[in-house]
Amino acid sequence: MMKQMGAFLLAVLSCVCLLSCGTRTASTLKVVSHIDLQRYTGVWYEIARYPNSFQEGCVASTATYTLRKDGRIDVLNQCRKHTLDGPVVYAKGKATVVDQKTNAKLKVTFFWPFYGPYWIIDIGHDYEYAVVGHPERKYLWILSRTPRMDESLYRGILERLKLQEYDVGRLLKTIQATR
């Protein structure tokens, strides 16, 4: 009886060991140390994103953020459908800071009462680019103040995203109009 119990425990421990080797838990997504919301507001051009259903067929995507008197942020996302000459579609929403210490963790709603996390995980020294992620790494956006981003800057962002355990192979570059 003792031998059977020992064999059973050994089998269970072996299964647990094998399962834990195959299962990888993502580490906690790190956000930037501080965001100056005044500097963050304005127009951002989408350089690349993870594919998602709500932006299907979007090109020339932009996000415009406007700081409100109540501390929240108005959000206006726009894109053209399928081509640079396609019809403009937009979504209006509101963002609320959920981490007052950093201002880097926000929640955004386009349809109350549903909110989604919006975490700023990388930012340029002069706020010339930003990278927005999701704590479970479901979503990802690389944003720029201009429609084009220097390739070396983009590669550096990709390297930092890999350190944050993002699959950069999933990124889709966004077609943007030239200025």
For Ser27 and Glu165, does a side-chain donor sit closer than 3.5 Å to a side-chain acceptor?
yes
Please examine the side chains of Ile157 and Val168, heavy atoms only from C-beta on, and report whether any two atoms are closer than 4.5 Å.
no
Do Lys173's NZ or CZ and the ring of Tyr154 fall within the cation-pi criteria of under 6.0 Å and 45°?
yes
Taking every non-hydrogen atom, the tightest pair across Pro51 and Leu172:
CG-CD1, 3.7 Å
Check the angle between the aromatic planes of Phe111 and Phe114 and answer parallel, tilted or perpendicular using the 30° and 60° thresholds.
parallel
Any chance CD1 of Ile175 has more than 12 other-residue heavy atoms, nucleotides or ligands included, within less than 6.0 Å?
no
Checking side-chain contact (heavy atoms from CB on, under 4.5 Å) for the pair Ile121/Val32: CA distance, chi angles, key distance, verdict?
CA-CA 5 Å; Ile121 61 175; Val32 297; 5.8 Å; no
Hey, quick one: are Tyr50 and Val131 part of the same hydrophobic cluster, counting side-chain heavy atoms closer than 4.5 Å, chains of contacts allowed?
yes
Return the CZ to OG1 distance between Arg68 and Thr96, rounded to the nearest 0.5 Å.
8.0 Å
Compare all side-chain heavy atoms of Tyr127 with those of Ile35 and state whether any distance is below 4.5 angstrom.
yes
Any side-chain heavy atom of Cys79 sitting closer than 4.5 Å to one from Val89?
yes
Please step through side-chain contact (heavy atoms from CB on, under 4.5 Å) for the pair Lys94 and Asp74, ending with a clear verdict.
CA-CA 5 Å; Lys94 291 179 182 49; Asp74 283 329; 3.9 Å; yes
Step by step, work out the side-chain contact (heavy atoms from CB on, under 4.5 Å) result for Leu171 and Ile142.
CA-CA 9 Å; Leu171 280 166; Ile142 298 175; 3.9 Å; yes
Minimum heavy-atom separation for Trp119 to Leu29, with atom names?
CZ3-O, 3.7 Å
Classify the side-chain pair Asp85/Thr83 by whether it contains a donor and acceptor separated by less than 3.5 Å.
no
Say whether Tyr115 and Val31 are linked into one hydrophobic cluster, either directly or through other cluster members, by side-chain heavy-atom distances under 4.5 angstrom.
no
Above 12 or not: heavy atoms from other molecules or residues under 6.0 Å from NZ of Lys81?
yes
Path from Leu37 to Tyr118 over hydrophobic side-chain contacts below 4.5 Å:
yes
When you measure from the side chain of Arg145 to the backbone N and O of Trp44, does any donor-acceptor pair fall under 3.5 Å?
no
Non-hydrogen side-chain atoms of Leu106 and Ile73 separated by less than 4.5 Å:
yes
Contact between Pro117 and His134 at the side-chain level, heavy atoms closer than 4.5 Å - yes or no?
yes
Hey, mind stepping through Glu46 and Gln55 against side-chain hydrogen bond (donor to acceptor under 3.5 Å, both in side chains) and telling me if it holds?
CA-CA 11 Å; Glu46 181 184 273; Gln55 283 185 283; 2.8 Å; yes
Note: Asp99-Lys101 ion pair, threshold 4.0 Å (strictly below):
no
Joint cluster assignment, Val98 & Tyr65, ILVMFWY side-chain distance < 4.5 Å
no
So which heavy atom on Ala60 is nearest to which on Leu84, and how close?
CB-CD2, 3.8 Å
Measure from the side-chain N and O atoms of Arg137 to the backbone N and O of Gly133, and report whether any donor-acceptor pair falls under 3.5 Å.
no
Given Asp122 and Tyr129, is the side-chain hydrogen bond (donor to acceptor under 3.5 Å, both in side chains) satisfied, shown in steps?
CA-CA 8 Å; Asp122 197 358; Tyr129 74 87; 3.3 Å; yes
Exercise: identify the closest heavy-atom pair between Ile47 and Ser144
CG1-CB, 3.6 Å
Could you check if a side-chain atom of Val75 sits within less than 4.5 angstrom of a side-chain atom of Phe110, using non-hydrogen atoms only?
yes
Check whether more than 12 heavy atoms from other residues, nucleotides or ligands sit under 6.0 Å from atom OH of Tyr90, and answer yes or no.
no
Tell me if a side-chain donor or acceptor on Glu128 pairs with a main-chain N or O of Asp126 at a distance below 3.5 Å.
yes
Is a donor on one side and an acceptor on the other found under 3.5 Å between the side chain of Gln164 and the backbone of Lys30?
yes
Hphob cluster co-occupancy, Leu158 + Val132, side-chain heavy atoms under 4.5 angstrom:
no
Heavy-atom side-chain contact between Asn103 and His34 under 4.5 Å
yes
Tell me, yes or no, whether the heavy-atom count around Glu151 atom CD, taken from other residues, nucleotides or ligands under 6.0 Å, exceeds 12.
yes
Taking all atoms of both residues into account, what is the closest heavy-atom pair of Gln176 and Tyr45, and its distance?
OE1-CD2, 3.8 Å
I'd like to know whether OH of Tyr139 has more than 12 heavy-atom contacts from other residues, nucleotides or ligands below 6.0 angstrom.
no
Could you tell me whether the side chain of Leu161 reaches within less than 4.5 Å of the side chain of Leu163, counting heavy atoms only?
no
Closest heavy-atom pair and its distance - Arg49, Ser61
NH1-OG, 4.1 Å
Any chance you could lay out the side-chain contact (heavy atoms from CB on, under 4.5 Å) test for Ile123 and Tyr40, step after step, and finish with the verdict?
CA-CA 9 Å; Ile123 191 82; Tyr40 194 77; 3.9 Å; yes
